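One structure is given here, and the rest of the page talks about it.
Note that the structure is predicted; figures quoted are calculated from it, not measured. Heavy-atom basis, side chains included; hydrogens, waters and symmetry copies ignored. Residue numbering restarts at 1 for every chain, and letters A, B, ... go by the order of the sequence lines.
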Number of protein chains: 2
Amino acid sequence: MKDLSASLEDYLEIICNLLESSKSVKAVSIAKRLNISRASVSEALSKLAEKDLIVYEGHKGITITEKGLIQAQRVITKHNTLTAFFEQTLGINKSIAENNACRIEHVITEEVFDRLEKFQEFCNKNSEIINEFKKGYLTNSRNE
Amino acid sequence: MKDLSASLEDYLEIICNLLESSKSVKAVSIAKRLNISRASVSEALSKLAEKDLIVYEGHKGITITEKGLIQAQRVITKHNTLTAFFEQTLGINKSIAENNACRIEHVITEEVFDRLEKFQEFCNKNSEIINEFKKGYLTNSRNE
DNA sequence: ACAATTTGTTAGGCTTACCTTACAATTTTT
DNA sequence: AAAAATTGTAAGGTAAGCCTAACAAATTGT
């Protein structure tokens, strides 16, 4: 189950995101979103379909399987938590936070992620920590 | 200057580490450390030498250039700080912490790293934060 | 309905980073 | 100094992931 490359994980994640606003997704939207060629998307989709993570029938569009959804959601959870940690706790601006989340979500392991998730929750509930950090450590740089 | 692949960054980092215990390093040590073939190391070293990050003359061994040292040290700093954050703040065991540091050090951006470094410093100086976190959030899992 | 546009696929290429096998060069042992 | 072992390199291969160009299929506009 956990054998996807960073690249295929990205495709799956985007498919899942795009499916939230429409019933089915076309390959060209992915190409645009990722800024890569339709040909490359076509290849990648074949791989995902082969692994039974999506159902892909050319012009009919893409749907995600149960199996695919589970994997996509795990990545999306990582994405969101990492973004929240960078943005809310570290005080990084949103686009940089997202960008780093995108990079790290594919390489962080479960153990560390689970712990970070708890830590972020903890920081969220104890906002005085964050305030203290920002007050004392971020005096001469504002990047929020 | 910042154009190294994760892989080449790893080579450079290991060379730098190995140089701490000996005046010059042989390719075979790197192969053993990374568990890859001598042939692959040979190729990678040629690339690093081409970029003027190391001086490599076959059997004479490898030395690092000024330029190479600067890049290696940046990665090593990231490695150490990430490891410290995972281990000391999140309470992850050392080998998992190191493993995740290895994965993330090549993809985290400077902005986020710099901020995390400050945050880790802050957490270190305010050990009650970590204690509180560990007390309240890590009650039924011990992984330190 | 049919022409134009959009979307998808195929074929052939490129790069990175690994591999094995075989050979060359160096070092070590005896 | 010769044999043995170690270390390095070259050649040829694989797989992932991207590309462009050309073509095929579907959709849209009129």
Flag side-chain contact, heavy atom, 4.5 Å: B/I30 against B/L18: yes
Closest to the A/S7 side chain, choosing from C/dG8, D/dG17, C/dT16: D/dG17
Between P of C/dG8 and CD of A/E57, the distance in whole Å: 13 Å
Separation of atom CD in B/E50 from atom P in C/dT15, rounded to whole Å: 13 Å
Short side-chain N/O contact from A/Y11 to OP1 or OP2 of D/dA16, under 4.0 Å: no
Side chain of B/A39 (C-beta onward), nearest among C/dT16, D/dA11, C/dT9: D/dA11
Ring geometry between B/F122 and A/F133 (parallel below 30°, tilted from 30 to 60°, perpendicular above 60°): tilted
OP1 or OP2 of C/dT20 under 4.0 Å from side-chain N/O of B/S37: no
Worked check of ring-ring contact (aromatic ring centres under 6.0 Å, His included) between A/Y11 and A/Y56: CA-CA 13 Å; A/Y11 282 104; A/Y56 184 44; over 10 Å; no
Interatomic distance, B/I30 CD1 vs D/dT9 P [rounded to whole Å]: 11 Å
Integer-rounded Å distance: D/dA15 C1' and A/L8 CG: 12 Å
Flag side-chain contact, heavy atom, 4.5 Å: B/K67 against B/K51: no
Of B/R38 and A/K60, the one whose closest DNA chain C nucleotide lies more 5': A/K60
A/S42 vs C/dT9: side-chain N/O to OP1/OP2 distance below 4.0 Å: yes
Nucleotide of C/dT26, C/dG8, D/dC18 approaching B/H59 most closely (side-chain heavy atoms): C/dT26
Nucleotide C/dT26, atom P - distance to NZ of B/K26 in whole Å: 11 Å
Any B/V112 side-chain heavy atom under 4.5 Å of A/I104 side chain: no
Pair assignment for C/dA24, Watson-Crick or G-U wobble, requiring both distances under 3.5 Å: D/dT7
Length of the CD1-P vector between B/I36 and C/dA17, whole Å: 10 Å
Touch class at under 4.0 angstrom, heavy-atom based, for B/S5 against every strand present: sugar-phosphate
A/V28, nearest nucleotide to its side chain (from D/dC19, C/dA17, C/dT7): C/dT7
N/O (side chain, B/Y56) to phosphate O (OP1/OP2, D/dT7) under 4.0 Å: no
Whole-Å gap separating C1' (D/dA16) and CD (A/E43): 9 Å
For atom CD1 of B/I54 and atom C1' of D/dG8, their distance in whole Å: 13 Å
